[in-house]
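So you know, we letter chains A, B, ... as the sequences are listed, proteins then strands, and number each from 1. Please read these numbers as outputs of a predicted model, since none were measured by experiment.
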Amino acid sequence: MGDVNLEDVTKEYGDVVAVNDMNLDIEDGEFVTLVGPSGCGKSTTLETIAGLTKPTSGTISIADREVTDLPPKDRGIAMVFQNIALFPHMDVYDNISFGLRLRDYPKEEIDRRVERASDIVQLEGMLDRMPDEMSGGQRQRVAIARAIVREPEVFLMDEPLANLDAKLRVHMRTELQRLHKELDTTIIYVTHDQAEAMTMSDRIAIIDGGELQQIAPPLVCYNEPANLFVAGFIGSPSMNFVEGEVTSAGLSTPDFDVAFDPEAVGVEPGDRVTLGIRPEDVHLADVAGQVAHQTDPLDARTDVLEPMGDEIFVYLETGETGDDTAMGGEAAEVDQLLMSVDPDADIDSDEPVEVVFDRESVHLFDTDTGEAITHSLVADEADAADDDRATPAEGDD
Amino acid sequence: MGDVNLEDVTKEYGDVVAVNDMNLDIEDGEFVTLVGPSGCGKSTTLETIAGLTKPTSGTISIADREVTDLPPKDRGIAMVFQNIALFPHMDVYDNISFGLRLRDYPKEEIDRRVERASDIVQLEGMLDRMPDEMSGGQRQRVAIARAIVREPEVFLMDEPLANLDAKLRVHMRTELQRLHKELDTTIIYVTHDQAEAMTMSDRIAIIDGGELQQIAPPLVCYNEPANLFVAGFIGSPSMNFVEGEVTSAGLSTPDFDVAFDPEAVGVEPGDRVTLGIRPEDVHLADVAGQVAHQTDPLDARTDVLEPMGDEIFVYLETGETGDDTAMGGEAAEVDQLLMSVDPDADIDSDEPVEVVFDRESVHLFDTDTGEAITHSLVADEADAADDDRATPAEGDD
Amino acid sequence: TGGNGGDSTATTTSSGDGGGKTTVQIATDADLKAVKSKFNKWLHNAGLSKDIEVEPIAGSDITNKRQNKYTQWLSSGRKKPSLLMMDNGWTLPFIVRDQLLNLSKEIPDTAKMVEDEYFSASVGTAKGPNDDLFAIPMYPDFPTMQYRKDLVQDAGYDTSGWSTSSMKWKRFSKITADVKKQSDVDYGFTFQFKSYAGLSCCTFNEFLSSYGGTYFGGLDNLFGPVGDRPITVDEKPVVDSLRMLRTFVNGESDKHGLDGVTGNISPQSVLQWSEEPSRKPFTNGNAVMHRNWPYAVNISGAEDALGKDLGVMPIPHGVSPEEAKYEGTGGATAALGGWHTAVNPNTTKKEAALEVLKAMTNKQVQFNLLEEIGWMPPRPSMLDSDTAKNIPIMGRYMETFRLAGENAIPRPVTVAWPQERSKIAQAANATVSGQKPPKKAMTNLKSTIKQIEDSV
Amino acid sequence: MATDHSTDDFERESRRSGPYVRAVRWMENLGDAAFAYLLLTPALLILGVIAFWPLIRTFELSLHADQLVGTGTVGEFVGLTNYVELLTGQRSALLVRPLLPTVVWNGQFPFVHGIANPFTAALTVTFIFTIVSVFFETVIGFGQALVLDQDFRGRRWVRVAIILPWAVPIVIQGMIFFLLFQPNIGFLVDPLQNLGVFSSTPLSNSVDSMIILVVADVWKTSAFMALLILAGLQSIDRNLYEVARVTGASKWQQFTMITLPLVLPTVLVAMLFRTIGALRIFGLIETVTSCSTVPSLSCLVVSAFSSRQYGTAAAIAFITAGIIAVAVSVYIAKFADAQGGGV
Amino acid sequence: MAQQSDTVGIDADADASKGPFGRWVSKAIRNPERVYRAMFYVVTAFFLFTTLFPFYWLLVLAVTPNEAITSFGFPPVPHGFNPGAFLTIFETVPLHIYVLNSFVLGITTTAIVLVIASLAGYVFGRLDFPGRRPLMLLILAVSYFPPAAFLLPLFQLFTGNVTVGLFGVSVSSPNLYNTPAPMVMPFTALFMPLSIFILTTFYGQIPDGLEDAARIEGTTRLGALFRVIMPLSAPGVATAGVLTFISVYNEFFFSFLMNDGQVASKLAQFFASQNNWAPLVQGILAYQGQYSQMYNLMAAASIVGVLPVAVLVVIAQEKIVSGLTAGALKE
Ligand SMILES: Nc1ncnc2c1ncn2[C@@H]1O[C@H](COP(=O)(O)OP(=O)(O)OP(=O)(O)O)[C@@H](O)[C@H]1O
Ligand SMILES: Nc1ncnc2c1ncn2[C@@H]1O[C@H](COP(=O)(O)OP(=O)(O)OP(=O)(O)O)[C@@H](O)[C@H]1O
Ligand SMILES: [Mg+2]
Ligand SMILES: [Mg+2]
């Protein structure tokens, strides 16, 4: 009923290509989140699905019906806009019930639904406020209520929780998920909040420069990013990248070497490869007991410590010289590694430490194309391990 | 120079009390973040400081000058608005340079500053776009650039990063912090993002229902929340609360008991007390070796697992019956505990586990007033431990 | 010969609407509309079939507007109204455009009677080029000189005989200046000399005629032929009349003034005055002499205004009729105003309309109209009647009116007149205001008029 | 929220049918251009019948000679003769060219000195009137709109008072000013004459009359400006002023940098229409002074029309329209700028 | 800036002399809002005086007997007092019927203009299509012509003198003279361009987001126009409406030539459609005679005629400054 398909959709605004040859197959009842850097084309994608803007080329189908030329009102969708777009001349009740009143729902039905929706977004006492008498977050909640009250086949939500505080976000997330289950609708969701993307979605679509980079379940994106962009984008703080060259013994970077069998992962000596390692997969050598497969310890020096409450981010300097010019443009990052440690860890800023990587979580990417080569250096078990880790995500939906 | 003082500031909109008797002393050069639930009065507080709205009562001083009746332009402030509010008839360059042009800065100076600011917010190539040709995040960045280009004494920023993706947020945070240092300005910042509040602020002010709940350095708020509201608000996922009654041996809750010496923490048997424990301070009994002071293990059953990539949230059921009626309203939460474990932890949903609390991190609150009683059950060392933990935060600024 | 006229077709009237009432619309003014039912009664008394009902429609009282409206109506072939009341100043254009019913053909007897009995000047403006009659005069209008009899007498002048004989301008100006000096009024002689249609057709026309001048040579050229008639606006009588006015307004020191007349008797304001603004000071007792239409007599002669202190005399003159070069000029002159009634040729109720028209020529009807709404009867003889003399206010001055009517000069209405009149008005106004020397102005005017005449 | 799928949007939509729904669907699926033309149909239809068709007929008239005698409306076909003769001054004698030349001799109107062609004179008079009165209307109207935009006690009534002149019929407006400057009635004539501002008969003096006309026109039509500009002011997002205030803009700067550019399109529309109106000024002239004192372009048209010179009148009407079109194109260019490439 | 330092100078002097004005000035310097306020009141008073004075003059004329309308001094005060003029005007002609006619014509025209102009304003303000600019200019061009340019053909059209050959049958136009149609239609055509331009600018300023939201919620494009864009442009729509209505109310060209000036003499006849729809302007001119101009009656009639419009303005201005004051067009 509510599946959404984009086929070769391109949208250009003059010179700007906002969406470039996008192909998306979203199944009925699926919860898909679009993520990507600011200006990458998320909102534009939603707008083409909604029918608010005609794609320059390509076709869109909803529920197996081609809708490219159908007006928004006939597409069976509801949408929460990034810019909220409340009707300033209507009070909250009228804003929420607008779509229902258009369809001549009976008064009681409207009242019931509005009450229900305003309950969900916790706006009970405010039905007769005007939009300009509300706080930013309250307005955003009205926008959400306006969408959910319609109970459509497909929801499009463009950063619907951007202005809400953590507590309310968690609440709204749960409510949206419940709604998703209850109404069995398809939800296409844009967020810049990783936690949201991670916890709510069946699949995450990562977009960059208008192009789809990867669409996969959250943990697959996290653990097996399709390319450098996805790897760097998903996860906060983001993955550490170190450029290097494959030798017969593994990878050699300006600051350290990592040993592995090139053949086993499918690279050849001389290939330019980028190593990726997440902060939580970098461990202090002395407390790395739990980590089954470690790399050789490497020397580093702690720089800044960033305590986050439940963890501490440690910026490490791995280069000996701090000479930035060594590798050109990206060089500055090469000799900095971010590590995440327990808050109880005994560590101080500006002291020498030894760290190891978890070999099971070392990613290799082709430096030139950015494509992923492998997601684990524990060659034999690589696939098995990946499967294991993906499990919880699939068990989630 | 840039210190900001609010004295007994109250702002009412008709019946709605948006800000209630607020007292804030913000020092020159300080970075203070206002947090609180949606609609709690954060934006209104900023607006009274900016002079956009006259407080119903109370006085405001900036730089030791009373400014309550001064127009905004004479207060030496710059502001990023929650609703962005770009000038629709000006392109990006004109929007950013607005304040400078007002002050007849020489053209070269304006160009230089605009370039610098647009660099910071990564909008280099877009200076001649009109606001309606930009994405939500891009607009927000223009709004930020418009404020920072002015280099005023005091910055007011109302959720300036709400529409930005994680990568850009991190970048913007660093930039804002650098700016803060460089210009030595006072920044009053509203955000609903805990990480932001934690990493950027010298102090966090937590507001609820228009009233200031606590203002303190981030880790103090995290580790020594002044009351139940702050404890529950700060930290994501939020602290677990369990209501109980003080006995001579400690605390007794419907599902478990925690032993301590009531006298040492200053409560008396019979007091109604709420225990608070953060998810990361709940440990699986078998891997809790590092935790120095543990409570007695208690039996629980895992419910849902929520994998987050770098940690897993485990929902625990501690009650034996699942009987919700036992303690009335708040009962539903009583028998659910959230625990955060390492992603490598060997745990599955719906299986019995034994967990312990870190006694150093058990908080007690007066159930009736909500006021904090103690933040550690390791009675003798309570103060010492707290001091230790606050240290990194202070070393941070 | 009574108003019922000689035509005996009265009985054929009810032909129209199968025995029912026929309503004949007549486009007229608010005055007649106000007495609608009486008017019908009078007509029925005069022999109009009871099946015919007359319905007056009040048009604009601004004569140009009325003309424009009729132009619309007739050009678009509207069938209603059947009867149209037309200013004698612009009936001719409709006639030459064949937009009115030829009455000499339709009701020859009535037409003959009208030509015989009515003020000939009035009839002249209702005739077509071939001398056929196209409209029947309803009431004429002719200006007189109205004055403060009390002041004049107080100043020692005997006014007996003034009402029927016209004095010379020289004497007039001297008396005016003298009376003005002796009393405390602000103005001596007030008249209308604003640059508007009424200046060319009437005020100026009167002044220049009283000096024996004309616009287009002899009076038989008044209605044409356009382009083939002399243009005489630059002749001495015309120029003299302007010089006289300059003296009136600017004083005797004006080097373009007229010798012999006394100056400074008229205010500059006359250059901006049309009828009403000029009348007000006089009615209020603030002027000695005032040139205006009969309606002003009715107002100023009212008891709460000047009452019996109002005197009326013919317009003064510059030269006597004998001295004048052109027949019909010189001596007392009065510009002819007044209204006709014509028949819409497109009407579906022609017979009934003609019946109404005939009934309106009835003397009793005309007396009734005089009494009720002050319409002057169109027959000179009727002004002499006792009935007329017994009318309140107006009745007192009937003699003078009759004289004025007999000396009336029609306006030179041709197709070219609308353009010519505005040129004349400008030139005359500008001359008196001192902006142009009279002779030069009139020479210029002559060439302008020549162009207009040639272009038609 | 009982998952009552019978009330589903999709189903509700598909359950509906019939010609109405089909028509709506059809309309919704039209491209921008087709939709635009569809919505413009009623406007173009009524303008077609009531405006364009008559104009074409009138244009036909303008290609024919005048016919003053006889039954027809116009004479034979003469092509562009009417236009040529009008513009070259050969019809001058036929047009109202009232008092202006006399004024020229007086040297009071130096810039139209020696204009013998009434057409050129009318053009000059019309342009001067237009420029001066539109300028003052705009300035005063803007001022009034700014006053009305404020919040103060009794503003409701002040607003009514300021808008009221616009509601006064032209005949009355004319009467008011006619009586104000009529010697021996109006109380303004003597003092102004004593001050040497006006002559003793201002309404028959072209220069004085122009000033009076401008005053009368400004009195009435400033309200038009004020009304439109007020509406424009009201539509500006008040948040922008907050931003500006915090950024340090003074009241004046807020005005020039925000208010002005944002109401500029509205102001230009108002000025555009006032300019067109002023270029066609007729009724006021007729009621206050007369076409012979201040002959405007429309005076020429109307006087020619009422003397039944239909060919000439039609030609002047079209020439007038041509002149207005030229003036308007200036605005249109500005307007396009202000709208950001709109129009 | 220079001005400010000037006032500071005055401030110092005044404070020294301690006059009441000086005190006010020094207070004003400390609180410039006071200066703005004072200036504001001065300006407002000035505007009030200049706009209202002619109305006062009208009132003076209305209560002065016609004969006494002469030689007013300054300030003008009524010569005599004759409020009876306000009754006379109703006795002489049925002024209320003229007013009623004008209202009917005005409201009909305004309604038609607002609907049609809204559609056109939407098109020009919010859609991009080839031919947009030429079409706009074409519509605007209607207003370049003096009304006289339309008259001849229109009069023929409305008096049934235009025949059109349609499929071999020739149909002649209906005779509509003395009905509202031949006035309403030219009014519509003549006043529509203004409304189209006004609405184009206002509709063009509504953020796209709001129209998008309405369409997502289930309106058609037209639905969004009438349910969201129009209400949000309330100031513009109300202004266009008021301007159209007032223009009709004051129009004097077609108002004269498309009816014979007759009206029903009583309300009953009005409803029995014995009415030739002559509007107010005709009514006012009914007091104007060939020679005698009843200035006092015309003035009184004008005051009476302007009053209903004043009421309308009171009502409409609420719309023009409606609750949008606080939020205007933010999304
Ligand atoms: N103009 C107004 N009229 C009435 N109530 C208002 C007005 N503006 C704000 N409020 C109310 O005041 C309270 C505080 O609003 P404020 O905008 O300060 O909240 P906030 O803390 O910024 O919330 P958010 O995080 O959602 O932006 C809210 O309950 C809001 O509804
Ligand atoms: N009307 C327009 N004209 C020109 N360019 C546009 C227009 N609308 C959007 N763009 C550009 O298209 C690109 C994609 O915009 P879009 O709004 O889809 O981004 P987004 O992914 O939603 O970003 P954000 O997270 O910042 O909201 C941006 O670079 C933007 O500048
Ligand atoms: Mg977006
Ligand atoms: Mg807020």
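- Contact of the D/Lys220 side chain with the D/Trp166 side chain is registered, since non-hydrogen atoms from C-beta on lie closer than 4.5 Å.
- Both the backbone and the side chain of E/Leu138 come within contact range of chain D, judged by heavy atoms closer than 4.5 Å.
- With a 4.5 angstrom heavy-atom cutoff, E/Glu251 does not touch chain D via any of its atoms.
- Pairing each heavy atom of D/Val49 with each of D/Pro54, the nearest pair is O-CD, 3.3 Å.
- Contacts between E/Phe46 and chain D at a heavy-atom distance below 4.5 Å are absent for every atom of the residue.
- Only the side chain of E/Arg215 comes within contact range of chain D, with heavy atoms under 4.5 Å apart.
- Only the side chain of E/Phe40 comes within contact range of chain D, with heavy atoms under 4.5 Å apart.
- Residues E/Leu151 and E/Phe253 form a side-chain contact, since some pair of their non-hydrogen atoms from C-beta on lies under 4.5 Å apart.
- Heavy atoms closer than 4.5 Å to chain D are found in both the backbone and the side chain of E/Leu222.
- With respect to chain E, the highest number of heavy-atom pairs below 4.5 Å among D/Ala33, D/Ala51, D/Ala34 belongs to D/Ala51.
- With a 4.5 angstrom heavy-atom cutoff, D/Val160 touches chain E via backbone and side-chain atoms both.
- Looking at E/Ile284, the atoms closer than 4.5 Å to chain D (heavy atoms on both sides) all sit in the side chain, from C-beta outward.
- Within the 4.5 angstrom heavy-atom criterion, no atom of D/Gln182 approaches chain E.
- Cation-pi check for E/Arg132 over E/Phe124 is not met; the charged atom does not lie both under 6.0 angstrom from the ring centroid and within 45 degrees of its normal.
- Atom CG in E/Leu280 sits 13.5 Å away from atom CZ in E/Phe252 (nearest 0.5 Å).
- With a threshold of 4.5 angstrom between heavy atoms, D/Ile176 approaches chain E through its backbone and through its side chain.
- Contact check for E/Leu152 versus D/Thr58: no side-chain heavy atoms found under the 4.5 Å cut-off.
- When heavy atoms are compared at a cutoff of 4.5 Å, D/Ile276 approaches chain E solely by way of its side chain, counted from C-beta outward.
- Using a 4.5 Å cut-off between heavy atoms, E/Ser143 contacts chain D through both its backbone and its side chain.
- Counting heavy-atom neighbours within 6.0 Å of D/Phe136 CZ, excluding the residue itself, gives a total of 12 or less.
- Ring pair E/Phe55/D/Trp219 is tilted by interplanar angle, where 30° to 60° counts as tilted.
- Taking E/Val309, E/Ile198, E/Val113 one by one and counting their heavy-atom pairs under 4.5 Å with chain D, the maximum is reached by E/Ile198.
- The most heavy-atom pairs under 4.5 Å with chain E, out of D/Ala313, D/Gly322, D/Ser298, D/Gly143, come from D/Gly143.
- Contact between E/Thr200 and E/Gly121 at its shortest, heavy atoms only, is OG1-CA, 3.5 Å.
- Looking at D/Phe59, neither its backbone nor its side chain comes within 4.5 Å of chain E, counting heavy atoms on both sides.
- Listed options D/Leu262, D/Ile323, D/Leu180 were ranked by heavy-atom pairs under 4.5 angstrom with chain E; first place goes to D/Leu180.
- Put simply, the side chain of E/Ile139 reaches to within 4.5 Å of the side chain of D/Leu44, judged on heavy atoms.
- Residue E/Phe53 touches chain D through its side chain alone, counting heavy-atom pairs closer than 4.5 Å.
- In this structure, chain E has heavy atoms under 4.5 Å from both the backbone and the side chain of D/Ala167.
- Interface residue E/Leu243: backbone and side-chain heavy atoms are both found under 4.5 Å from chain D.
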Discussion item. Test side-chain contact (heavy atoms from CB on, under 4.5 Å) on E/Leu140 and D/Ile332; report intermediate values, then the result.
Written reply: CA-CA 10 Å; E/Leu140 184 63; D/Ile332 296 291; 3.9 Å; yes

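- E/Phe129 has its ring centre less than 6.0 Å from the ring centre of D/Tyr37.
- Neither the backbone nor the side chain of D/Tyr241 has a heavy atom closer than 4.5 Å to any heavy atom of chain E.
- Between chain E and the options D/Val158, D/Leu146, D/Leu228, D/Leu38, the largest number of non-hydrogen pairs under 4.5 Å is found for D/Leu228.
- For the pair E/Met192/E/Phe187, no side-chain contact is recorded, criterion being any heavy-atom separation below 4.5 Å from C-beta on.
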Practice prompt. Could you walk me through whether E/Leu58 and E/Ser302 pass the side-chain contact (heavy atoms from CB on, under 4.5 Å) test, one step at a time?
Written response: CA-CA 8 Å; E/Leu58 208 54; E/Ser302 307; 4.1 Å; yes

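- For E/Tyr295, the parts lying under 4.5 angstrom from a heavy atom of chain D are both the backbone and the side chain.
- Of the two parts of E/Ala148, the backbone and the side chain both hold a non-hydrogen atom closer than 4.5 Å to a non-hydrogen atom of chain D.
- When heavy atoms are compared at a cutoff of 4.5 Å, E/Ala301 does not approach chain D at all.
- In this structure the side chain of D/Ile163 never reaches within 4.5 angstrom of the side chain of D/Phe224, judged on heavy atoms.
- Counting heavy-atom pairs under 4.5 Å between each of D/Val171, D/Ile162, D/Leu233, D/Val269 and chain E puts D/Val269 at the top.
- Counting heavy-atom pairs under 4.5 Å between each of D/Lys251, D/Gln150, D/Arg57 and chain E puts D/Lys251 at the top.
- With a 4.5 Å cut-off on side-chain heavy atoms, D/Gln144 and D/Leu227 do not count as touching.
- Of the atoms belonging to D/Phe318, heavy atoms from both backbone and side chain fall under 4.5 Å from chain E.
- For chain D, the nearby parts of E/Phe145 are the backbone and the side chain; heavy atoms of each come within less than 4.5 Å.
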